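The structure appears right after this line, and notes come after that.
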Amino acid sequence: MNQISRRVPLVDGVAKVTGALRFTADLHVEGSLHGALVLSPRAHARVASIDATAALAVEGVHAVFWHENTPSRYYNSSIWFAGQEALADERMFPPVVRHIGDRVAAVVAETEEIARHAARLVVVEYVDLPAIFDPEAALVHAGPVMRDDGIPAFMNPVADESFTHGDLDAGFAAADLVVETHVTMPRSHHCAIEPHACIAKPEPDGRILILSPCQSVFAVQAVVVQALGVPQDQIRVVKTPIGGSFGGKAEPILDPLCAFFALALGRPVMIRYDRHETFTATRTRSSVVGRMRIALSSDGRILARDTETLVDIGAYCTGGNYLPSSMLQRLVRLYDVPAERYTGRAVYTNTVPAGAFRGYGSPQIHTIAEITLDISARRLGVDPVEMRLRNLIEPNAIEPWQGLNVGNARGRECLIRGADAFGWQGRRRADAGRGRWRRGAGVASATHINGCYPGFHEETTATLRLLPDGRAELVCALHDLGCGADTTLAQIAGETLGLRACDIAIVPADTDSCPYDLGTRASRMTYICGEAIRRAGIALAEAIRAAAVLELNTEASGLRLEAGAVRRPDGSGLALSDLAARLAARGEELPAATEIYRAQANPGSYAAHFAEVEVDRLTGRVRVTDYLAAHDVGRAINPMLVEGQIHGGIQIGIGYALYEDVAIDRVTGRMRGDSFSRYTLVNASEMPPMRVLLIEEGEPTGPFGAKAVGEIATIPVAAAVVNAVNDALGTELTDLPLVPERILAAVS
Amino acid sequence: MRMSLKVNGQAIETEISPISRLSGFLRDVLGLTGVKEGCCEGECGACTVLLDGQPVDSCLMLAFQATGREITTIEGLCGSGVNDLQQAFLKMGAVQCGYCTPGMVLAAEGLLHANPSPGEAEIRHALAGNICRCTGFETIVQAVATAAAARQGAER
């Protein structure tokens, strides 16, 4: 192996570390205008009138847009392709605003400064309407989600998913112990350090070019087309470098606006949000209330489980209707539960919309289940690791909901080897302490998916082509979100071609030049795109060998690709650049290969996380003092990047457990955590030492055995930390985040 | 108003608005887009530059406050090349999306200037004002420690 399992630095690393990489807000587009938004200060109100006179009088202002002079088409910003069925309830500028931060109007001007100044001069009259901030109360606002004439009714529930498997009553009847929990999880924010930005540029041929830091250029195109009502081929989308997303840039928010303004004014338009706008006017992780009832035998076997979730999706549907079923999909592939009932409902409230966020429901459902399991273990007097081992799903098990094979599931190895490396037994038995400081240890397991099979058309097309300089070009609509996907996938391509990762020239995702792909989401990059690229690489290698036969005067089967050359068995051969030159001289096309890969499986990635905490009973502060994460990754294509994903996942998870909450006020609907000074992020000093243990047993359907790691890295963290706090204090805390007030209330 | 200052070794004399932020001046007037803006309230550190060798949040300074001072942005750290600290960032996986990286590198340079052999806790403390959302800081701390040790070794 030349490239696989190597700690290859990022292929785009030098540009990042020197500041040379241009993010969207760094781009200078000749003649560009700038947009600034007027966001609603009201949680639910009719926009009675808008007076733009003063704003329009400001020198340098080109236009003011609001609901009366923009398309009135409803759209859903979470669609992935044209024609996807989804509840279309969002508008560029709605006549009735539905949350604080909803879009009321926009000013487009010569500079951002002028636009922002003029936006403050737009006079808006609102007529307040009753607003709902509580998801339980929202259930009362019940009815069909869509009127007969296709107008959204904003009634609840938006989704109602239920599932039953096995004999629930028998399970509960046979139980030695029944534990019931009520777990609440906050609305956390992605906090990518790059705020949202977008540029749209009219092209000479009448099309609009959108430059967007997005997770799928095709999704952006589909949403813009739906919002503007223009033909699909009028919109071209190119992905720009992305300064972190975590799901926060999965849905196009500014793109329809920029595109419409550029079309209307005939000038390029850039909008960049500031931090406050990124908090209040994009997306968050959905908050979830979970109730779980679990029936156990005295030896810790789960006999039956009954789960209810209530998901607050905020003011617009986006993809929120998928959340209850997504949570179910991930719940049923961790433990072998003989009887299971699940009811999940999603409801609108007058709050900022929820959207994709690393794990898409998985952190929520596994937090509910893993905290519940831990409380059960303590009540039963069974070791939490032992209890999980007794219930974990086995490799190649068929999960009961979709009937999917979980693949080479190695959750067991994660627990056993992780517990050993962490010194679990010793730490768990150690005394919590008596005084102000209490110590505890916690564990949590998790699983996650690999791609969208069977829910969506899960296929991708990769083309690899030999370049004249002996490198290879890769076209696969790739969207690296900063996780290093380009590097990982270039390693996979390089491995098949005897090239280095840096020899693979990756064509940026572009709706004009790339075949359709679902984009970077659902933990599908390495597993799905990687396999397509591996197959294309094998096919290109075959084509290169065939093309070299004449030059090297030998049979193709005896040739191998190695170190940028095609070689005979004796090691003599021809550099690929020389081969390319000779082919060109003969007037032959350079070898290329395209593979369409359609997924046939959706195996699980597995993990077990171990946390040690110290709790200050006086101040209520929790410090995570040590951390170990064991991950079943199949195979680490790039162990350094895999560890990096896990480190970052732990960071976001610790925040989820202890600090992060946009904290929407239940009376006013205002977001309290709407800036970095009021929304606590874990910084360098607060992070514990972290160890990562990779279980590499190989997934037969993954490229070189690899499975996904990016999303699962953050899924078990919050439960591991909460379980450690409960161990330290002897409590049964279930409301996240464990801010000092909650700790103090529990110990007083 | 007129001001003169040195940016990345170059003397600059220019007319500026008295209310312009230093970060905006560096990005918009001088085109130094390696200076990133993440929050404009001094919380994220993405806009960190060196002011006479000391790391500062350039979003919290007005441009005129830099009169007569010397500013180093990421563009001025090593020209178009990569210095040993930047190399360590790359080699240890301390870069993911790259948005916080210029500020992080400069904050670390500022630390190493003031304290050439910092312990791990000192590194973490010095970087506490720079938020990275991708890496969990682990490899960043390692990269700074590695570069510090190498520089110390080279001096001996």
Side-chain angles (χ1 to χ4, degrees), chain A residues 7 9-10 12-23 25-28 111-113 190-195 241-246 272 274-276 278 480-484 638 640-641 643-652 654 675-677 681-687 689-690, chain B residues 20 24 27-28 31-46 73-75 77-83 85-87 89-103 105 120-121 123-141:
Chain A
R7 295 174 171 266
L10 292 185
D12 52 354
V14 171
K16 287 177 175 176
V17 83
T18 56
L21 187 72
R22 298 276 170 135
F23 293 91
D26 303 334
L27 297 172
H28 176 75
T111 68
E112 184 181 340
E113 204 182 353
H190 313 82
C191 296
I193 309 300
E194 176 200 32
I242 192 162
S245 178
F246 315 105
R272 58 169 198 162
D274 64 19
R275 181 55 55 184
H276 177 258
T278 295
D480 189 330
L481 306 184
C483 316
N638 184 327
M640 179 173 83
L641 300 183
E643 287 162 14
Q645 283 304 293
I646 295 168
H647 291 153
I650 295 168
Q651 174 189 4
I652 286 181
I654 289 176
S675 69
F676 280 161
S677 55
L681 294 167
V682 185
N683 68 9
S685 303
E686 282 147 358
M687 282 301 289
M690 292 179 279
Chain B
S20 137
R27 283 176 56 84
D28 303 338
L32 299 169
T33 51
V35 179
K36 304 300 177 197
E37 288 178 326
C39 68
C40 288
E41 55 174 9
E43 293 285 339
C44 77
T73 69
I74 195 73
E75 289 90 346
L77 193 60
C78 190
S80 58
V82 175
N83 78 6
L85 176 65
Q86 291 165 306
Q87 194 65 50
F89 265 65
L90 293 175
K91 221 179 134 193
M92 314 205 78
V95 181
Q96 286 191 28
C97 82
Y99 200 82
C100 77
T101 308
V105 167
E120 188 187 320
I123 296 172
R124 288 186 182 270
H125 182 74
L127 301 180
N130 289 71
I131 300 295
C132 167
R133 190 64 161 165
C134 300
T135 64
F137 305 99
E138 182 74 16
T139 47
I140 294 175
V141 174

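These figures come from a predicted structure and were not determined experimentally. Residue numbers begin at 1 in each chain, while the letters A, B, ... track the order of the sequences.
- Residues forming a salt bridge (Lys or Arg N to Asp or Glu O under 4.0 Å) with A/Arg272 (at least two apart in sequence, or on another chain): A/Glu112, B/Glu37.
- For the options A/Cys191, A/Ala25, A/Ser245, A/Gly13, heavy-atom pairs under 4.5 Å to chain B are most numerous at A/Cys191.
- Using a 4.5 Å cut-off between heavy atoms, B/Cys132 contacts chain A through its backbone alone, with no side-chain atom that close.
- Annotation: ring pair (Phe, Tyr, Trp, His ring centres under 6.0 Å) contacts of B/Tyr99 (sequence neighbours excluded): A/Phe23.
- Contact of the B/Gln96 side chain with the A/Lys16 side chain is not registered, since no non-hydrogen atoms from C-beta on lie closer than 4.5 Å.
- Of the residues B/Leu90, B/Leu77, B/Asn83, the one that meets the side-chain contact (heavy atoms from CB on, under 4.5 Å) test with A/Val17 is B/Leu90.
- Of the atoms belonging to B/Lys36, it is side-chain heavy atoms, and not backbone ones, that fall under 4.5 Å from chain A.
- Annotation for B/Gly136 and A/Gln651: closest pair N-OE1, 2.7 Å, computed over non-hydrogen atoms.
- Proximity to chain B (any heavy atom under 4.5 Å) is shown, for A/Ile193, by both the backbone and the side chain.
- Heavy atoms of B/Cys39 lying under 4.5 Å from chain A belong to its backbone as well as its side chain.
- Both the backbone and the side chain of A/Met687 come within contact range of chain B, with heavy atoms under 4.5 Å apart.
- Residues B/Gln86 and A/Val14 fail the side-chain proximity criterion, which asks for heavy atoms closer than 4.5 Å.
- When B/Ala128, B/Gly24, B/Pro102 are compared by the number of non-hydrogen pairs under 4.5 Å with chain A, B/Ala128 comes out ahead.
- Most heavy-atom pairs under 4.5 Å with chain B: of the set A/Ala20, A/Gly649, A/Gly644, A/Cys483, this distinction falls to A/Gly644.
- Put simply, of B/Arg133, B/Glu138, B/Arg124, the one with the most heavy-atom pairs under 4.5 Å next to chain A is B/Arg133.
- The part of B/Thr101 that comes within reach of chain A is its side chain, from C-beta onward, which places non-hydrogen atoms under 4.5 angstrom from that chain.
- Considering only heavy-atom pairs separated by less than 4.5 Å from chain A, the leading option among B/Gly34, B/Gly38, B/Gly103 is B/Gly38.
- For a residue to count as touching a neighbouring chain, one of its non-hydrogen atoms must lie under 4.5 Å from one of that chain's; by this rule A/Gln645 touches chain B with backbone and side chain alike.
- Listed here is the closest heavy atom pair of A/Thr18 and B/Val82: CG2-CG2, 3.9 Å.
- Looking at B/Glu41, the atoms closer than 4.5 Å to chain A (heavy atoms on both sides) all sit in the side chain, from C-beta outward.
- When B/Ile123, B/Thr139, B/Ile74, B/Ile140 are compared by the number of non-hydrogen pairs under 4.5 Å with chain A, B/Ile74 comes out ahead.
- Here A/Ser675 is the residue among A/Ser675, A/Pro689, A/Ala192 with the most heavy-atom pairs under 4.5 Å with chain B.
- Here A/Arg22 is the residue among A/Glu643, A/His28, A/Arg7, A/Arg22 with the most heavy-atom pairs under 4.5 Å with chain B.
- Heavy atoms closer than 4.5 Å to chain B are found nowhere in A/Ala15, neither backbone nor side chain.
- Smallest separation of non-hydrogen atoms from A/Leu481 and B/Cys97: O-CB, 4.1 Å.
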Side chain to side chain contact (heavy atoms under 4.5 Å, CB included) evaluation trace for A/Ser685 with B/Phe137: CA-CA 9 Å; A/Ser685 303; B/Phe137 305 99; over 6 Å; no
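- Only the side chain of B/Val105 has a heavy atom closer than 4.5 Å to any heavy atom of chain A.
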